[in-house]
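Below is one structure; the comments refer to it alone.
The chain is numbered in sequence order, starting from 1. Order of listing sets the numbers, starting from 1, for every ligand and every atom in it.
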Amino acid sequence: MTNFFSNKIRLSSSLLKRFQRHATSATPSLFITRSYTNEGNRPTIVHKRSLDILHDPWFNKGTSFTMTERDRLDLRGLLPPNVMSTELQIERFMIDLKRLEVQARDGPSDPNALAKWRILNRLHDRNETMYYKVLIANIEEYAPVVYTPTVGLVCQNYSGLFRRPRGMYFSAEDRGEMMSMVYNWPADQVDMIVVTDGSRILGLGDLGVQGIGIAIGKLDLYVAAAGINPQRVLPVMIDVGTNNEKLLKDPLYLGLQQHRLEGDEYLAVIDEFMQAVFTRWPLVIVQFEDFQSKWAFKLLQRYRNTYRMFNDDVQGTAGVAIAGLLGAVRAQGRPMIDFPKMKIVVAGAGSAGIGVLNAARKTMARMLGNNEVAFESAKSQFWVVDAKGLITEERENIDPEALPFARNVREADRQGLREGASLVEVVKQVKPDVLLGLSAVGGLFSKEVLEALKDSTSTRPAVFAMSNPTNNAECTPEEAFSILGDNIIFASGSPFKDVDLGNGHIGHCNQGNNMYLFPGIGLGTLLSGSRSISDGMLQAAAECLAAYMSEEEVVSGIIFPSISRIRDITKEVATAVIMEAIEEDLVEGYRNIDARDLRKLNKEEILKHVNKNMWTPEYPNLVYKDD
Ligand SMILES: NC(=O)c1ccc[n+]([C@@H]2O[C@H](COP(=O)([O-])OP(=O)(O)OC[C@H]3O[C@@H](n4cnc5c(N)ncnc54)[C@H](O)[C@@H]3O)[C@@H](O)[C@H]2O)c1
Ligand SMILES: O=C(O)C[C@H](O)C(=O)O
Ligand SMILES: [Mg+2]
């Protein structure tokens, strides 16, 4: 490993100190740097490097820094990889400006959301403490702006919106350099990394380098909900190319204009990145986000026993769905132990759908006796429909992850179903308790499908339209409540308003989003010091969320908390994660509390410990000292 290091590591401790509050400083260099601007071809002498340059409006050239300049100034990895001419930079800016003007004439919703995002983003660039104060105090209003759904729009329009860089870019061009370039990041301690390769951003497909927005949005929630110190978070984009033909043809695209690396070449890049970040920050936690499913599972298996990492779409979503499904059982007035009797139709067999199926099957099996027989029998509660229809054992080239859930052909035949049967046919025949969508197909739960669900054998069927962002939801709450009436449970991945049913009743729209779990999983893992994130820790997080809602709330159709309670629920989830890590003997402690001390704490004390370790945005007293 050490041979990756090169003499490019030049960060002195004084330089590091100067970086400490980098993210908030946009100070022109007039008073802090001696510079000599000369006429003609003579160079401009600057006395700063790395982020100090990018955050100095006098010297910053953004994406126009040439590769030689990037190397000379320790900028490699701190900017997206495509070097832009000044003309293209200006064009990018103008297109963005004009597009906003056009949209402003068309209608209020999108430009408003984007305009709010811009204003918040500028505040984020100028003053982090104030930004997080605003975000935490108004989380219900602004989470949909900095996170889902607006973050999807931000990623789609990233080329025009990009101003100052935030986070790091590791690209295929950086192979062999990652071990050294990771030291270009100014913080000497990083607690949380959210990394994406941009291959499946929400339900919007391959957005390449533009996907970094999702890592930034997730980390905003880590700070706002879990109280992770914003100086210790790092959004990362791994740019291995894109298969989005539109972006490949777009001269203004900021990423590598090549098709995605595949196979061993792809793995080598991700391996190098993991080695680099864990070498520099051995205690960091890496959250994988929005990787296409063909890599999501492979990478999870590859790294989960070696590194402190998890995949939010596979594991975080699974926990949130389990909590929702248990809530749906309780909402029928039945005990949670009745969960294994639920008939569940899942539309979508990608990273999220399969993650949910595996976790739901395990939860059922545990309730049925926690043995092989229980595990085998639990799978018969699920019917999985993907882009090709119902998945049966007859499916050609079946995805190995979906294979355990393929229906037996004869059994399907007895039910009047066959390989490839449509979603509406499946719903008609199965009459499920739950219809759960993780398909990324907006409107998939059509009028016909929802009509078919009227024959559900459940006393209170559940509709989970979990795909993001808003336009990709399988149906809206209005559609579900208007067709099925108010005796249903409804949840969606993106936020929707409750529905006034006009009869004095309100149809409650729950937001079933992994944001209720990933911040607590990260915080709990961090404070426990556990070197890995076990299935038990994830299960404890899900059960904690399931138990968070009172009987009264659940019966009235509220199965997930309001986002205004996210900081509180995150504390509880983190506590549950730590307790499970103690139970499994995984704790190693963190900072001034070691494993022995941690093991002595009861639940109340752990909760207090969690609370005490959460960062809150307050201005510190600043004292200037020369280097
Ligand atoms: N609410 C949440 O917390 C949450 C969490 C993770 C993912 N998601 C959302 O779930 C969606 C899927 O994510 P993913 O990672 O599994 O994506 P993916 O691309 O890996 O999988 C999509 C799946 O949907 C299937 N599909 C496509 N068209 C279909 C159709 N007409 N009928 C039925 N199935 C169809 C595909 O065959 C595939 O199996 C995205 O929109 C994502 O935003 C939501
Ligand atoms: O990002 C979200 O809002 C949830 C989830 O991780 C997704 O990919 O859709
Ligand atoms: Mg995601």
What protein heavy atom sits nearest [atom], and how far off is it?
atom                    : value
atom 15 (O) of ligand 1 : Ser351 OG, 2.5 Å
atom 8 (N) of ligand 1  : Leu438 CD2, 3.7 Å
atom 37 (O) of ligand 1 : Ala387 N, 3.1 Å
atom 39 (O) of ligand 1 : Ala349 N, 2.8 Å
atom 5 (C) of ligand 1  : Thr317 OG1, 2.9 Å
atom 3 (O) of ligand 1  : Asn514 N, 2.8 Å
atom 28 (N) of ligand 1 : Val441 CG2, 3.3 Å
atom 21 (O) of ligand 1 : Gly350 CA, 3.2 Å

For Arg200, which part has a heavy atom under 4.0 Å from ligand 2: side chain, backbone, both, or neither?
side chain
Check each atom of ligand 2 against the heavy atoms of [X] and keep those under 4.0 Å away; list them by number with element.
X      : result
Asp290 : 8 (O)
Asp312 : 6 (O)
Leu202 : 1 (O), 2 (C), 3 (O), 7 (C), 8 (O), 9 (O)
Asn513 : 2 (C), 3 (O), 4 (C)
Asp313 : 5 (C), 6 (O), 7 (C), 8 (O)
Lys218 : 1 (O), 2 (C), 4 (C), 5 (C), 6 (O)
Thr148 : 1 (O), 2 (C), 3 (O)

Identify whether the distance between the nearest side-chain nitrogen and carboxylate oxygen of [X] and [Y] falls below 4.0 Å.
X      : Y      : value
Lys294 : Glu262 : yes
Lys428 : Glu425 : no
Arg163 : Asp125 : no
Lys388 : Glu394 : no
Asp220 : Arg166 : no

Hey, which atoms in ligand 1 end up nearer than 4.0 Å to a heavy atom of [X]?
X      : value
Ser467 : 9 (C), 10 (O), 11 (C), 41 (O)
Gly512 : 1 (N), 2 (C), 3 (O)
Gly203 : 40 (C), 41 (O), 43 (O)

[X], any N or O under 3.5 Å of ligand 1 N or O:
X      : answer
Asp313 : no
Met466 : yes
Asn472 : no
Ala352 : yes

Select one of side chain, backbone, both or neither to describe which atoms of Leu444 lie under 4.0 Å from any atom of ligand 1, heavy atoms only.
side chain
Side chain, backbone, both or neither: which applies to Arg200 and ligand 1 if a contact is any heavy-atom pair less than 4.0 Å apart?
side chain
Ser534 and Glu580: side-chain donor and acceptor closer than 3.5 Å?
no
Regarding Asn408 and Lys379, is there a side-chain donor-to-acceptor distance under 3.5 Å anywhere?
no
Below 2.8 Å, which protein N, O or S atoms neighbour the Mg ion (ligand 3), ignoring water?
Glu289 OE2, Asp290 OD1, Asp313 OD1
In this structure, does ligand 2 have an atom that sits under 4.0 Å from one of the heavy atoms of [X]?
X      : answer
Tyr147 : yes
Met466 : no
Glu289 : yes

